[in-house]
Amino acid sequence: MRWIAVVGCLAWGCGGPSPGDAGVDEAGAIDAGARDAGDEGAMDAGAGDAGAADAGPDLDGPTLTVDFPMADALLERDAVLIAGRARDATGVASVRVAGVEATSSDGFATWRATVSLSPGDNAIPIEAEDTLGHVTRAERRVLVRTPLGRVRQLAHDRGANALIVLAVRGEQPLLQRVDLATGLAEDAVDLSSLVGSGGAQPLGLALDVATQRAFLTVAQPGPTADVGVWVVDLASGAIGPFSTATVPDTSAPVLEMPGSVVLDASGGRLIVADRNARAILAVDLTTGTRSVISDTADPGPAILDYSLTLALDPAGGRLLASAHRIRSLPGLYAIDLSTGARSALSTNADGAPPLLAEPNGTIRLDASGPAYVLDRFNGFFEVDLATGVRRLLVPRSDGFHSYGFNLIPLDGAMAFGDSSAGRVTRVDASGAVSPVAQNALPRDLEAWPFRLSAPVDDALWLMGDRTLLRLQAGAVTERVGPADLDPARSVRAFAVHGPSGAAYATLDVGGVEPALERIDLATGARSIVRDATTSGPSIGDARGLAIDADGGRAFVLDEAYTLFAVSTTTGVAEPVGAPAVAGGQLLTWSAGRVLVASSNDRVVAVDPGDGSVTVISDAPAGGPAISDPDGMGVTSDGTIWVSDRERVIAISPDGTRRLVADSSTVDALSLRDELVGLSVSGARILVQDGQTRVLQLDPVTGDVVVIAERPGGS
């Protein structure tokens, strides 16, 4: 399974029309390339032989809008649907996508094409040609990549400029290869045969670059996996036992629960930590026979039943071991390879902050420098090996989200697998952090959870309790306005009206009557439209929100299912009719009416003039039911779209319902938690998936691409 990153750019740049184009479509989105800047216009098509030009020659190509996908997206297939619109006064003769003729039933007013993709970067040219031969060009850039699993261990194949990654996808372990030049991953070897019913899983990884063999430690026996060290031929994918209770023989010492493993190439051996055996063992690289390096008979701190992560000290003659165990003293220790003696290098026994919580990776880049320790809870430490003094180099919150299980040297810096974030992270000696490879988009989102808005001019707006984000096509995520707001305020509902340049949010303000806030989309400036000090009737727990910017009104639904119209200038609220929208949860404004989706399987329209209620769709027999709506919008053709936890339902203007996507039929949706929001602009439908991703849904096929993703969402 591969991920596809889609980057939308016009031939002359990203995020806007060509010079001289007014090109704005009816949804308010900028046409992606209303004029071909490089096309000469085929003047002979509009001029007579005598040189007299035709009256009012058409020199422009068609206007061209790419509706699906938006820029910067991910997909899970090796083909992508491209869909959009084209128009021209003389008529559109054709639309071609990567050389494939698009299909259309309306003269290319709407068109679509599916194109195959290759691993890596794909530039997808899109051309619309009018009947006079003038061409408009646009482009989508598509990156096909395999997602990283949850990273357990890393090894560096220097000769191939690649990482070998022991990872888990779903519940299945595998080896993956990451090209360090591109950051792209590919699946290398399926390790599912090493999973046993008793919970057996490969835990440790060491790579013998010279022989292209990967050695894995496997703990907890199952019917198809014995405890010990297994070997994988990276060229053929062959997997076999290397050192177990019966291979090469049954002689002691026996591996009981092997964990961390390192390659000692000069010594011709693997070194394995086994906490159940309470020993550090050596495994001969040629024969697989085992011997003891350090056990309880050797002097030093009693750390052998800890969870140890090992690294060879480049100064020679010893191992570095980060150790942790619940209610025990975590720290950095040394193990003498010739005597087996153990000693403490830096522990919390000195009482000096910063303290270690759960160190699970260590490394030393050179024989004279400090050691570095990766701590699961606290971050990345630098340790002076002469004094034991620790310095917090990178707090966890600044550099990574969870933890890795080993550190490896990488081009003068260090790398580790950030397990929860689905990425490999690089840290240099100064504390600078950068991704080596990651599943999230290059402009991944940190400010989650959030409320989703519709796209405006190809930008996506996301509102958190304390942050407003704008994701502009072809650009990085941009924070708009103040970085921090009053933490006592939480956003209940959020709506954007692009043409007016404003967004509105209902705020829960610490038990006081909810406030209505206006946000200027250009500057992020905020102003309170209404709060507890505003005159007029009280609004209870404000939930649904819809904006009629032309009429200067915001519509708010309270906990008693009363609909209020709130003036966006004075903040005065007036009830709209009787509370006749029982179960109402969501609002949207469409064609002069307020649409309300209810938990009682009903969608109604409320006339803001007289408060009358018209049922649009009501509990169809045998049709998809609406039980817990969490998002709603209306496309330009009048279709109402509702997300209902694990489904997306389309309701035609006559009330007919159609199930467009659900978690059992759409692969991208099935990999995440339930849906928690939906928003629509023009022909674009966006859904929010389990507080981890924003997905765009094609209204015809139900195809899904990922527009934005939280780090760790994969």
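All heavy atoms count here, side chains included; hydrogens, waters and symmetry mates do not.
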Item checked: Trace of the side-chain contact (heavy atoms from CB on, under 4.5 Å) decision for T131 with T90 -> CA-CA 6 Å; T131 56; T90 65; 3.2 Å; yes
Just checking, is any N or O donor in the side chain of [X] or [Y] under 3.5 Å from an acceptor N or O on the other one?
{"X": "S617", "Y": "R657", "value": "yes"}
{"X": "T103", "Y": "W111", "value": "no"}
{"X": "D630", "Y": "S643", "value": "yes"}

Is there a side-chain contact between [X] and [Y], using heavy atoms and a 4.5 Å cut-off?
{"X": "Q696", "Y": "V704", "result": "no"}
{"X": "I649", "Y": "I651", "result": "yes"}
{"X": "V424", "Y": "L148", "result": "yes"}
{"X": "F108", "Y": "D88", "result": "no"}
{"X": "L595", "Y": "M632", "result": "yes"}
{"X": "D662", "Y": "V648", "result": "no"}
{"X": "I124", "Y": "L117", "result": "yes"}
{"X": "F68", "Y": "L81", "result": "yes"}

Taking [X] for its side chain and [Y] for its backbone only, find out whether a donor-acceptor pair lies under 3.5 Å.
{"X": "Q176", "Y": "G149", "value": "yes"}
{"X": "E517", "Y": "A505", "value": "no"}
{"X": "Q688", "Y": "G631", "value": "no"}
{"X": "D644", "Y": "I626", "value": "no"}
{"X": "T506", "Y": "A493", "value": "yes"}
{"X": "T568", "Y": "G552", "value": "yes"}
{"X": "R140", "Y": "P69", "value": "yes"}
{"X": "D520", "Y": "G524", "value": "no"}

Next item on the list: For L695 and V705, run side-chain contact (heavy atoms from CB on, under 4.5 Å): C-alpha distance rounded to whole Å, both residues' side-chain angles, the deciding distance at 0.1 Å, then the answer.
Entry: CA-CA 6 Å; L695 305 101; V705 294; over 6 Å; no
Please report the shortest heavy-atom distance between [X] and [Y], naming the atom on each side.
{"X": "R684", "Y": "V66", "value": "NH2-O, 2.7 Å"}
{"X": "P62", "Y": "D130", "value": "CG-N, 3.6 Å"}
{"X": "A185", "Y": "T146", "value": "O-CB, 3.2 Å"}
{"X": "A83", "Y": "D698", "value": "CB-OD1, 4.3 Å"}
{"X": "A128", "Y": "V95", "value": "CB-CG2, 4.1 Å"}
{"X": "L545", "Y": "A495", "value": "CD2-N, 4.0 Å"}

Note to self: Can you tell me how far apart OG (S590) and CG (D548) are? Round to the nearest 0.5 Å.
What the structure shows: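 Going from the OG atom of S590 to the CG atom of D548 covers 11.5 Å.
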Checklist line | Verdict with reasoning, L678 to I685, per side-chain contact (heavy atoms from CB on, under 4.5 Å) | finding: CA-CA 7 Å; L678 178 145; I685 302 166; 4.0 Å; yes
Next item on the list: Please report the C-alpha distance between D187 and R169 in whole Å, then the side-chain angles of each, then the deciding distance to 0.1 Å, and finally whether the salt bridge (Lys or Arg N to Asp or Glu O under 4.0 Å) criterion is met.
Entry: CA-CA 11 Å; D187 293 350; R169 180 182 296 136; 3.0 Å; yes
Item checked: Test log, rule salt bridge (Lys or Arg N to Asp or Glu O under 4.0 Å), inputs D67 and R85 -> CA-CA 7 Å; D67 288 318; R85 291 164 285 149; 2.7 Å; yes
Next item on the list: Give me the one residue out of I616, V615, D618 that meets side-chain contact (heavy atoms from CB on, under 4.5 Å) with V604.
Entry: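 It is V615; the other options fail the test.
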Next item on the list: Determine, stepwise, if the pair L563 / L587 fulfils side-chain contact (heavy atoms from CB on, under 4.5 Å).
Entry: CA-CA 10 Å; L563 182 65; L587 303 182; 3.8 Å; yes
Note to self: Walk me through whether T639 and S652 qualify under side-chain hydrogen bond (donor to acceptor under 3.5 Å, both in side chains).
What the structure shows: CA-CA 5 Å; T639 301; S652 65; over 6 Å; no
